[in-house]
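Each remark here refers to the structure printed beneath this line.
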There are 2 protein chains.
Amino acid sequence: MLKFASIMIQSEKPTIMDIARLSGLSKGTVDRVLHNRGEVSRKSYDKVMSVIKELGYEPNVIASALARGVSRRIALLIPEQTPGSFWELAGGGIAKASESVAPLGVSTVVFNYDQRDAESFRDACSRLLDAAPSGVVVAPIFGADTQMFTAELREHSIPYAFFDTKQDDEGYLAYFGLPEYKSGYLCADQLTLDRSASEVLLVRIKRDPLRQSDPTVIRRAGFMDYMSEHCPDCIVRTLFIDPGDPERTDQELDAFFAAFPGTTHVAMFNSRIHLIVPWLERHPAQTRRVVGFDNLKANMEALARGTVSVLIAQHPEEQVAMAIQALTDMIVMGRQPARRDNYMHMDILTRYNVEFY
Amino acid sequence: MLKFASIMIQSEKPTIMDIARLSGLSKGTVDRVLHNRGEVSRKSYDKVMSVIKELGYEPNVIASALARGVSRRIALLIPEQTPGSFWELAGGGIAKASESVAPLGVSTVVFNYDQRDAESFRDACSRLLDAAPSGVVVAPIFGADTQMFTAELREHSIPYAFFDTKQDDEGYLAYFGLPEYKSGYLCADQLTLDRSASEVLLVRIKRDPLRQSDPTVIRRAGFMDYMSEHCPDCIVRTLFIDPGDPERTDQELDAFFAAFPGTTHVAMFNSRIHLIVPWLERHPAQTRRVVGFDNLKANMEALARGTVSVLIAQHPEEQVAMAIQALTDMIVMGRQPARRDNYMHMDILTRYNVEFY
DNA sequence: ATTTTTTCCGTTACCGTGCACGGAATTCAA
DNA sequence: TTGAATTCCGTGCACGGTAACGGAAAAAAT
């Protein structure tokens, strides 16, 4: 008797059979209750539920996954993972997360689209829907199209999560991304840390007007607010460059610094700081501090060489991994995420800590 | 036919039954080969191995965990998790990691010891060995005693991993911790970012001489090297305080700053920067930059208030989680970690990004 | 009261491994 | 050549759930 008692203390988790026995029903019925797929009388339902609650039963996810077979699919909808791009980083996170949810019987499948082509986005959407996934992770670039897409997901009651950019949308399960405003604020603080800034250059990308949602807009607002609060006498100028034309970029930088040679501090709000690195390295004396975003390989190398002073990293690989995790929790255990909007940490990378990322 | 073909594409993983069939043996024999527990003829062994290799078979961890039952235990050996301490942070990581490895049939159990009392360490060691864990994670404070302990683990062929501090030891599976030297270097860089440092104070803790391994020693070396390379004219002074006596600490700080009123930059190499925060906040004009380590709650609050300029966070919760993960990979799938020594990222926390940690 | 339909529930065959048990095949001793 | 001791291997149940199937009981229709 005592032996049994001590065994009980070893936290023998109640199984589906235990609650079947205690409620005087079979495990088939209990299973129907657990997944509430009907064919259960009100009375039995209540009985089972009360026993479940009493014993604090929670299903064994691994047995569940085994029985179900590797079947649940999470589909990802993100821009093409061009080598060296922001989205390639996200790809790494997808791979890692896939591994960790695989034992739970969840697989992932990626649908890419061209971020300059709304048509390709719509195409990817429809291919994704054909695959009938159990959950979806979206990095939404095209606002209106995304709205239509998520509406369809809601209709099929497929849960979905956003990362990187959020949509005004009532149905999403979770969002993982940077606190955009604060990231601009932080950027300005890091840029002006040496207290010697008087003329600042913001380099921006000529955007395709089709692109409807752009996280850098709010980022810029945070930046400007910091500047007017902490460096009211600073002059902030903007230069637009074309990401597809390196030579033109160089010329434009030449022209800019010829016109404003007092500019010593440079910032960019997207992941493309590496585009201006060649110019900066040909004019090492021109700038005192350079701040950019995101831990792309090219960016980190420039950081290690000292060309870039600081990178603010949002680690899209973590964001997408957490989105996948949240969807898995939902799909496998029906567990709602703790928070819906998850503003993730911003890491400050300098040449002295970059090698460990 | 075509339908089946498309299903086959869905990467039907080979099972133990497949390789049994193809090698003309039974799954029992295959199982014995997989866990090489003998009772298999040389011929059968080779045959099974070749089929395994050919099919690229890898065992289904979740089925394996289910069949085995929740049994494998990983024991943690760390100092007491006093509220507000560095080790409490680690506790959070343990809880999170426990959850994620639980589905794989691995549980965790923590053994605490008093970091000022070697006897309690030895006691915890023997209690841990009695529990006969399948793997061990150690934060080694007492060098010699740890050596004896790990020797015993090796004798029982129990794999073990270090975190926070490493031991000179040939048998450990993996180590997770900060790059100590670089962290000191980074600390100096962050402290002197405003280019106005001329007199610097290092606050240190009066250590119990029993404590034999202290990660802050190397950290200090990195700090001093940076200073002599980048701020050769800076004067660096040291003050020792007693962690148990706040009033005395205040008095000593009073005395120090009375003697050296030109001191504007302060750093500490351990997680106890919060000990001097009260004094700093009573003398807000005294210091220009203050740098400390570790994301303790009290430290982060001081950071948010602006008393502390920068915290370098090593996130022990991640370190211990990765150590648990590495051991789980070893125990469950026999997979060796990719790297033995894992120097983890150092995060720079400022008042503008701290709220998202 | 009998048939038909619905509602509800138990049974059963898996999912992929681990492992104990027992028996066949082989080797050794007599 | 026969019996005993070893090797070696196959069988079958267990792990905790899932879900299809079929049948009993209850409700509805005739």
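- Distance check: A:M344 CE to B:Y357 OH gives 9.5 Å after rounding to the nearest 0.5 Å.
- For the side chain to side chain donor-acceptor pair (under 3.5 Å) test, residues two or more places apart in sequence or in another chain that qualify with B:D31 are B:H35, B:R37.
- Considering only residues two or more places apart in sequence or on other chains, A:F149 meets the ring-ring contact (aromatic ring centres under 6.0 Å, His included) condition with none of them.
- With sequence neighbours excluded, no residue satisfies salt bridge (charged side-chain N to carboxylate O under 4.0 Å, His left out) with B:R340.
- Remark on the helix from C:dA1-D:dT30 to C:dA30-D:dT1: inter-end axis angle 60°, axes from five-pair C1' superpositions, rounded to 10°.
- Partners of B:Q314 by side chain to side chain donor-acceptor pair (under 3.5 Å), not counting sequence neighbours, listed by chain and number: B:D294, B:Q319.
- Across the protein-nucleic acid pair, B:I19 atom CD1 and D:dG10 atom P stand 12 Å apart, rounded to whole Å.
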Could you give the side-chain donor-acceptor pairs of residues 91-99 of chain B under 3.5 Å, partners two or more places apart or in another chain?
unit_1	atom_1	unit_2	atom_2	d
B:S98	OG	B:I94	O	2.7
B:S98	OG	B:T108	OG1	2.5

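- Partners of B:R122 under the salt bridge (charged side-chain N to carboxylate O under 4.0 Å, His left out) rule, at least two apart in sequence or in another chain, are B:E119, B:D145.
- Applying the salt bridge (charged side-chain N to carboxylate O under 4.0 Å, His left out) criterion to B:E58, with sequence neighbours excluded, gives B:K13.
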Report, as a single string ordered 5' to 3', how protein heavy atoms within less than 4.0 Å touch nucleotides 8-18 of chain C: B base, S sugar-phosphate only, - not at all.
BBBBBB-BBBB
